[in-house]
**Student:** 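Have a look at the structure that comes next, please.
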There are 2 protein chains.
Amino acid sequence: MKSYREMTKEELKSELSELKAQYRKFQEMDLALDMSRGKPCREQLDLSMGMMDALNSGVDLSCEDGTDCRNYGVLTGIHEAKVLLADMMENNPDNIIIYGNSSLNVMYDTVSRAMTHGILGNTPWCKLDKVKFLCPVPGYDRHFAITEYFGIEMIPVAMTPAGPDMDVVEKLVAEDETIKGIWCVPKYSNPQGYSYSDETVRRFARLKPAAKDFRIFWDNAYGIHHLYDDDQDYLIEILAECKRAGNPDLVYKFASTSKITFPGSGIAALATSPNNLEDIMKQMKNQTIGHDKVNQLRHVRFFGDIHGMTEHMRKHADIIRPKFEAVEEIFDRELGGLEIGEWTKPKGGYFISFDALPGCAKEIVSRAKKAGVTMTGAGATWPYGKDPQDSNIRVAPTYPTLEDLKVAAELFTLCVKIVSAEKLLGE
Amino acid sequence: MKSYREMTKEELKSELSELKAQYRKFQEMDLALDMSRGKPCREQLDLSMGMMDALNSGVDLSCEDGTDCRNYGVLTGIHEAKVLLADMMENNPDNIIIYGNSSLNVMYDTVSRAMTHGILGNTPWCKLDKVKFLCPVPGYDRHFAITEYFGIEMIPVAMTPAGPDMDVVEKLVAEDETIKGIWCVPKYSNPQGYSYSDETVRRFARLKPAAKDFRIFWDNAYGIHHLYDDDQDYLIEILAECKRAGNPDLVYKFASTSKITFPGSGIAALATSPNNLEDIMKQMKNQTIGHDKVNQLRHVRFFGDIHGMTEHMRKHADIIRPKFEAVEEIFDRELGGLEIGEWTKPKGGYFISFDALPGCAKEIVSRAKKAGVTMTGAGATWPYGKDPQDSNIRVAPTYPTLEDLKVAAELFTLCVKIVSAEKLLGE
């Protein structure tokens, strides 16, 4: 296909006219499709229905150590759940707290605690004039929502296929002690699906922040969420690397089973250093008597061990891999060579990131919406919802059926072409 | 029995010598009994095992409105869970948010949010020089732990059998705008088992606080936790009364199913005014995508409706009523007429409150411990763990077996007698 950039004005006008005719046909289809959120589809949820049978009234709800999971207590989670999540997170069970159903909630609480009580004896952030976070962009809107809610100033840092631009990260954290944290999705990042390179992780572990209470918020949401059996990204384990580098307290690491079993009914976990754990426990003992141990036990009984979880994730991959491939096939076919957009081809995670011509993202999302296809709002991948280039769009292929997804992707590419053609024509 | 106060020194010495001989016999029994926490016993937990069968892999996990409970979403809880908890709490389902497994966590979050963001546009409490809470005493140690953790100054207010001394409450909140809240357990209070009188609730609803952001933290933990079918306490519903009194925003009301199904695996709820709900939602949407809907559905399917829950609570009562009565029988028999202690006889809830002679509580608890019976720490029922009279001890009869409980109660009364006799002898 000839690049739009190489077309004459007349060629482009003719193309645009043809595209608009196609668009009207889509409008006539009365579509109501959703590519906006990273939600598992029904078939993925069905994979975990066996978990509903893992416990029943005939089963002993006691832990291996004899604790009755039905009663109060066990603040940091039952041991066998720590072992399972430890294997999942590649950490020592002793370094893990098991929480409730939402790792986002754990992240929120972690920021909230730093606001009111500070980290390891440092000044509570609410007592400081200014607190800043680094935000690799594009990134996850719900991360940015937490820091915005607490009035924390967000500084965008460019993502590369190897992770955040570490030259910038190193420089900023070293010279500005008001920078207290950075949001990271280190593996199959949201939305690009990039995984941090070995060098990036090594440089993270060796950061020399001006602020003693600077922490890396390491949201390893997609640690075992591969699309392929034979072609997987590997990540250096950050806690171990920090310990080796002499910075044991630098990281809070988050994970959950939200996209493994049931979102909203899974279990979340935090892994960090003994010092940080002790610091967290001072708060946690006032916040709750304990999280849902029965649900922890349910997960353990369902999976058995990490091998069971790994096999389970292969089934997820079998369902969503064709969806990612379908979107990529349509993007390649419809947009390849046109020079009006670039997109990622991740090997895991939940998203494809699309970069349109500058100034086009909002209009593309709006056009898609008018024809019945909901995308993540343009700008959502940037702090404050403001993408300075108005270029990035997050594509979430997992939730719709394959059939619906193909229609949605076709329509999306059509919108990209229309808006880009108009842009190039100066309309 | 002759009152210790009327005994001569010689009589008391002789009595003490006999008591110590009995105490040594208890010590030889190598007891390990626990009357310290308000935990349901095994038989109570067994009552809810049917809940483990309410959902299984053959059951549709959709709500009445079609929402798939297995996926993300529904921030404030599924409708049918709101209806069930609304019936339990005597509130409108529209005024309710369903949370995770712990109402304590909801209270913590409510205070934490007020600290960082303030209430309904008022100054965040962390920006104020001084924030105070009123604490009816004796009261619940975990309430006091939250306010202490946030550096909130706690002012004790005396409890009466009709509730907190409202003359004091009214005066203090009217004249001191740094008083921002009061902790209340209005029904079968912790630890006395008192229920607030109609007049008390009416006066609460008509408070005229100097602080616009003053809130009543109404922890109705034992709203349906009666011991008797035919002799129950009734409480005027506080939200409705506040609305009638023109103070709709005055109250946050908390409840949970922790002592109905499984502690730690139940569902919690908050009921409050539309203004407060809107205020809370601004935070909550940043904190989580939603709580565990599958567990909400599990509770709804298990109970069916409030009648099912009411019948379920009768079964709890049948298990724990004999325990309360056994303790009261032993206290009456062993301590009646001695004038060395007073105790409550609640019609519901989880506790009996014991007031020893001033200066005796710590020593009684310590003596019981040495003979293998763990009580709630003396002082725990007061802010900062400091009971100025060193008099109040919380007795929790539910967790031990009836047999163990009787031994523990006997030993406890023995310790009361020994410590009191020593006190009266000036030893």
Side-chain angles (χ1 to χ4, degrees), chain A residues 37-42 45-46 48-53 55-59 61 68-74 100-102 104-105 108-109 112-113 115-117 124 126-127 142 145-146 148-151 258 261-266 282-283 285-295 399, chain B residues 37-42 45-46 48-53 55-59 61 68-74 100-102 104-105 108-109 112-113 115-117 124 126-127 142 145-146 148-151 258 261-266 282-283 285-295 399:
Chain A
R37 303 294 327 175
K39 289 169 70 170
C41 65
R42 169 178 287 270
L45 301 173
D46 287 344
S48 298
M49 283 306 284
M51 195 170 68
M52 294 293 96
D53 300 329
L55 304 182
N56 62 57
S57 63
V59 162
L61 302 186
D68 190 338
C69 284
R70 304 172 303 175
N71 219 328
Y72 285 113
V74 195
N101 72 322
S102 161
L104 190 76
N105 200 332
Y108 176 98
D109 282 3
S112 184
R113 179 178 55 245
M115 293 298 296
T116 55
H117 289 79
C126 74
K127 302 287 186 196
R142 292 189 188 270
I146 289 173
E148 182 172 3
Y149 177 70
F150 282 102
S258 286
T261 58
F262 297 149
S265 304
K282 283 180 196 159
Q283 175 244 344
K285 69 187 169 74
N286 299 307
Q287 185 179 29
T288 183
I289 305 173
H291 294 288
D292 186 344
K293 295 186 297 299
V294 170
N295 203 33
Y399 187 66
Chain B
R37 302 295 327 174
K39 289 168 70 170
C41 65
R42 170 177 286 271
L45 300 173
D46 287 345
S48 298
M49 283 306 284
M51 195 170 69
M52 295 293 97
D53 299 330
L55 305 181
N56 62 57
S57 62
V59 162
L61 302 187
D68 190 338
C69 286
R70 304 172 303 175
N71 219 330
Y72 285 113
V74 195
N101 72 323
S102 161
L104 190 76
N105 201 331
Y108 176 99
D109 282 2
S112 185
R113 178 178 56 245
M115 292 299 295
T116 55
H117 288 80
C126 73
K127 302 288 184 197
R142 291 188 188 274
I146 290 172
E148 182 172 2
Y149 177 70
F150 282 102
S258 287
T261 57
F262 296 148
S265 303
K282 282 180 197 159
Q283 175 243 347
K285 70 187 168 74
N286 299 307
Q287 185 179 29
T288 184
I289 304 172
H291 294 288
D292 186 344
K293 296 186 296 299
V294 170
N295 203 34
Y399 186 66

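Computed over heavy atoms, backbone and side chain alike; hydrogens, waters and symmetry mates excluded. Convention: sequence-line order gives letters A, B, ...; per-chain numbering from 1.
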**Student:** At a heavy-atom separation under 4.5 Å, does B:Asn101 approach chain A through its side chain, its backbone, both, or neither?
**Tutor:**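 Contact with chain A: side chain only.
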**Student:** Can you tell which part of B:Asp109 gets under 4.5 Å to a heavy atom of chain A, answering side chain, backbone, both or neither?
**Tutor:** side chain
**Student:** Distance-only, no hydrogens or angles: does the B:Ser102 side chain make a donor-acceptor pair with backbone N or O of B:Asn105 under 3.5 Å?
**Tutor:**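 Yes: the side chain of B:Ser102 pairs with the backbone of B:Asn105.
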**Student:** Specify the closest pair of heavy atoms between A:Ile146 and B:Asn286, including all atoms of both residues, with the distance to one decimal.
**Tutor:** CG1-O, 3.4 Å
**Student:** Return yes if a side-chain donor-acceptor contact under 3.5 Å exists between B:Ser265 and A:Asp292, otherwise no.
**Tutor:** yes
**Student:** Quick one: does A:Asn56's side chain get under 4.5 Å of B:Asn56's, heavy atoms only?
**Tutor:**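 Counting from C-beta outward, A:Asn56 and B:Asn56 never come under 4.5 Å.
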**Student:** Decide, yes or no, whether a salt bridge links B:Lys293 with B:Asp68 under the criterion of side-chain N to carboxylate O below 4.0 Å.
**Tutor:** no
**Student:** Heavy-atom distance under 4.5 Å to chain A: side chain of B:Lys285, backbone, both or neither?
**Tutor:**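 Only the backbone of B:Lys285 comes within 4.5 Å of chain A.
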**Student:** Taking every heavy-atom pair that is under 4.5 Å apart, which of A:Ser112, A:Cys126, A:Pro40, A:Cys41 has the most such pairs with chain B?
**Tutor:**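 Of the options given, most contacts go to A:Pro40.
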**Student:** Between chain B and each of A:Met49, A:Met52, A:Gln287, count heavy-atom pairs under 4.5 Å; write down the option with the most.
**Tutor:** A:Gln287
**Student:** Which answer fits A:Thr288, side chain, backbone, both or neither, if we ask what part of it has an atom under 4.5 Å from a heavy atom of chain B?
**Tutor:** both
**Student:** With a 4.5 Å cut-off on heavy-atom pairs, point out which of A:Arg70, A:Arg37, A:Met51 contacts chain B the most.
**Tutor:** A:Arg70
**Student:** May I ask you to decide if A:Ser57's main-chain N or O and B:Asp53's side chain share a donor-acceptor pair within less than 3.5 Å?
**Tutor:**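 Checked: pair present.
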**Student:** Tell me, out of A:Gln283, A:Arg142, A:Lys127, A:Met115, who's got the most heavy-atom pairs with chain B below 4.5 Å.
**Tutor:**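 Heavy-atom pair counts peak at A:Gln283.
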**Student:** Give, as side chain, backbone, both or neither, the part of B:Phe262 having an atom under 4.5 angstrom from any heavy atom of chain A.
**Tutor:** both
**Student:** Name the option with the most non-hydrogen atom pairs under 4.5 Å to chain A; the candidates are B:Asn295, B:Val74, B:Asp46.
**Tutor:**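 Answer, by heavy-atom pair count under 4.5 Å with chain A: B:Asp46.
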**Student:** When you measure from the side chain of B:Asn71 to the backbone of A:Arg42, do you find a donor-acceptor pair of N or O atoms at a distance under 3.5 Å?
**Tutor:**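 The answer is no, because no donor-acceptor pair under 3.5 Å joins these two groups.
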**Student:** Which bit of A:Glu148 comes within less than 4.5 Å of chain B, counting heavy atoms only: side chain, backbone, both or neither?
**Tutor:** neither
**Student:** With a 4.5 angstrom heavy-atom cut-off, could you sort out which part of B:Phe150 is near chain A: side chain, backbone, both or neither?
**Tutor:**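 Backbone plus side chain of B:Phe150, per the 4.5 Å heavy-atom cut-off to chain A.
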**Student:** Answer yes or no: does atom OH of A:Tyr399 have more than 12 heavy-atom neighbours from other residues, nucleotides or ligands under 6.0 Å?
**Tutor:**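 No, the 6.0 Å shell around OH holds no more than 12 heavy atoms from other groups.
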**Student:** Check each atom of A:Val59 against the heavy atoms of chain B and say whether the ones under 4.5 Å are side chain, backbone, both or neither.
**Tutor:** backbone
**Student:** Side chains of B:His117 and A:Tyr149, heavy atoms from C-beta outward: is any pair under 4.5 Å?
**Tutor:** yes
